[in-house]
Chemist: 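The following block contains the structure, expressed as structure tokens.
In what follows, chains are A, B, ... by sequence order, proteins preceding strands, each numbered from 1.
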There are 2 protein chains.
Amino acid sequence: MSRIPATERRAALAHAAMAVIARDGVAAATTRAIVAEAGMPLASFHYAVGSRDELLSDVIELVVAGEGTATLGSLEIDAPDLRSAVRATFGAYLDLVRTDPAREQAMFELTQHALRTPALADLPRQQYDSYHQLAAQLLAAGAERYGAQWSLPIDDLARFVIAITDGFTLSWLADRDDAAAERLLDLATDALMAHTLNGAPA
Amino acid sequence: MSRIPATERRAALAHAAMAVIARDGVAAATTRAIVAEAGMPLASFHYAVGSRDELLSDVIELVVAGEGTATLGSLEIDAPDLRSAVRATFGAYLDLVRTDPAREQAMFELTQHALRTPALADLPRQQYDSYHQLAAQLLAAGAERYGAQWSLPIDDLARFVIAITDGFTLSWLADRDDAAAERLLDLATDALMAHTLNGAPA
DNA sequence: GTCTATAATGAGATAGAC
DNA sequence: GTCTATCTCATTATAGAC
């Protein structure tokens, strides 16, 4: 691990930290665990980063930049109509949560930690802006593809999507009730579709 | 602090821990902080409880028993119809979150911590069962009071209510956008009311 | 520049005096 | 039974050898 510029080390540490956090949670992301994940000696940590919270800030930047949600942005849904597409996208997110629950939990933990840490308290706003933008983008793309229109401001619907997504994830993490989660997503789909105008709008 | 039975001390510690957690978060709820809150010497902690996680388990029991949600159960809403009552109840919850954001955040932190701690991993299920029961009870009471019926199983609607409530709380904690939160609750109310039959059911 | 070795701190838990 | 004083451990952070 020699001859590597500090900025690259910093980035490598942030990625290693995200891996540790996704696997074991924020509390387990000690400086030791992070450098072990990155294959660096302990002293490299403060050589590159200054403090643990500073690195966690970098990690949230990664999430904001989309590294935590990349899977959803590149999703390709093949559905006959908008309703099916919406439901399938929710379903794809459910699969994501079921495949890697610890990762989704880690996103919540990062937010909570940042909210409790004065130096990081601004980051959750950016994090949720990023989520809302992703949802709005998916909603807009869906409407365009199926020739429909949303009858409410897309930002309001995006916030609803993120809220129901977060809420559904939390309850699933708590009780792992797949069937109830599916029914909840049906309900969420109904709620969204109640605010569409398809074909020729008024 | 003499002559107090161990079981009472244990309960006192659990309440003190909940106070600390509600104010400063789970990570700040060290044994020292908890006994300071309770006005006890440090050694009383392990005299009464065994371990920190054991006490956190007690704290979640308190939440499950309703101490974290008592405000909502005793809510008295005065509204002309079911829709207004639903919206007002959501609004009351928003007020609760705005009045004591740290407390609501603490509920999330307790869940996350329990999920990451093998000895406590069963508790989130009970915690969410308790939430779902509270929501179901509120939905049933509302329908009865206004002579309406829900056209979906009340447990599914209860899960939707808790999900949207959690999700809305998380986004509000992140960006403190009151206006957006109100619009989200309007949307959630619409979604619920789409599943009512009022007057004479089929 | 890099990393071994070591502070310095704060944590959970306990021994033993009263 | 109760609590003071202490132990042991893991943590963040740094000093100083190479």
Chemist: I need the CZ-P distance between A:Phe45 and D:dA15, as an integer number of Å.
Modeler: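 Value for this atom pair: 17 Å.
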Chemist: Could you list the protein-to-nucleotides 14-18 of chain C atom pairs, N/O on both sides, closer than 3.5 Å?
Modeler:
none

Chemist: C:dT4, C:dG12, D:dA13: which one has an atom nearest the side-chain heavy atoms of B:Thr31?
Modeler: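 Of the candidates, C:dG12 comes closest.
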Chemist: Applying side-chain hydrogen bond (donor to acceptor under 3.5 Å, both in side chains), which residue pairs with at least one partner in residues 180-193 of chain A are found, sequence neighbours left out?
Modeler: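 Sorted result for residues 180-193 of chain A: A:Arg83-A:Asp190, A:Arg87-A:Glu182, A:Arg87-A:Asp186, A:Arg183-B:Asp156.
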Chemist: Any pair with a residue in residues 16-31 of chain B that passes salt bridge (charged side-chain N to carboxylate O under 4.0 Å, His left out), sequence neighbours left out, goes on the list, sorted by first then second residue, please.
Modeler: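 Qualifying pairs: B:Arg23-B:Glu37.
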Chemist: Would you be so kind as to tabulate the donor-acceptor pairs closer than 3.5 Å made by side chains of residues 55-62 of chain A, with sequence neighbours excluded?
Modeler:
residue	atom	partner	partner atom	Å
A:Asp58	OD1	A:Arg10	NH2	3.2
A:Asp58	OD2	A:Arg10	NE	2.7
A:Asp58	OD2	A:Arg10	NH2	3.4

Chemist: To the nearest angstrom, how far is B:Glu8 atom CD from D:dT2 atom C1'?
Modeler: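 In whole Å, D:dT2 C1' lies 16 Å from B:Glu8 CD.
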Chemist: Whole angstroms only, please: what is the CD1-P distance between A:Ile34 and D:dT11?
Modeler: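 Distance, rounded to whole Å: 11 Å.
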Chemist: Side-chain donor or acceptor of B:Arg32 under 3.5 Å from a matching atom on the base of C:dG12?
Modeler: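 Yes, a donor-acceptor pair under 3.5 Å.
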Chemist: Should the pair B:Phe160 and A:Phe160 be assigned to parallel (<30°), tilted (30 to 60°) or perpendicular (>60°) ring geometry?
Modeler: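 Answer is tilted, since the angle falls between 30° and 60°.
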Chemist: Restricting to pairs with a member in residues 19-55 of chain B, which pass ring-ring contact (aromatic ring centres under 6.0 Å, His included), not counting sequence neighbours?
Modeler: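 Residue pairs passing ring-ring contact (aromatic ring centres under 6.0 Å, His included), neighbours aside: none found.
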Chemist: Would you say D:dC3 has OP1 or OP2 under 4.0 Å from some side-chain N or O of B:Arg9?
Modeler: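 Yes, such a contact exists.
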Chemist: Residues two or more places apart in sequence or in another chain: which of them pass salt bridge (charged side-chain N to carboxylate O under 4.0 Å, His left out) with B:Arg32?
Modeler: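 Expected list: none.
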Chemist: Tell me the interatomic distance from A:Arg52, atom CZ, to D:dT11, atom P, rounded to whole angstroms.
Modeler: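 Those two atoms, CZ and P, are 10 Å apart.
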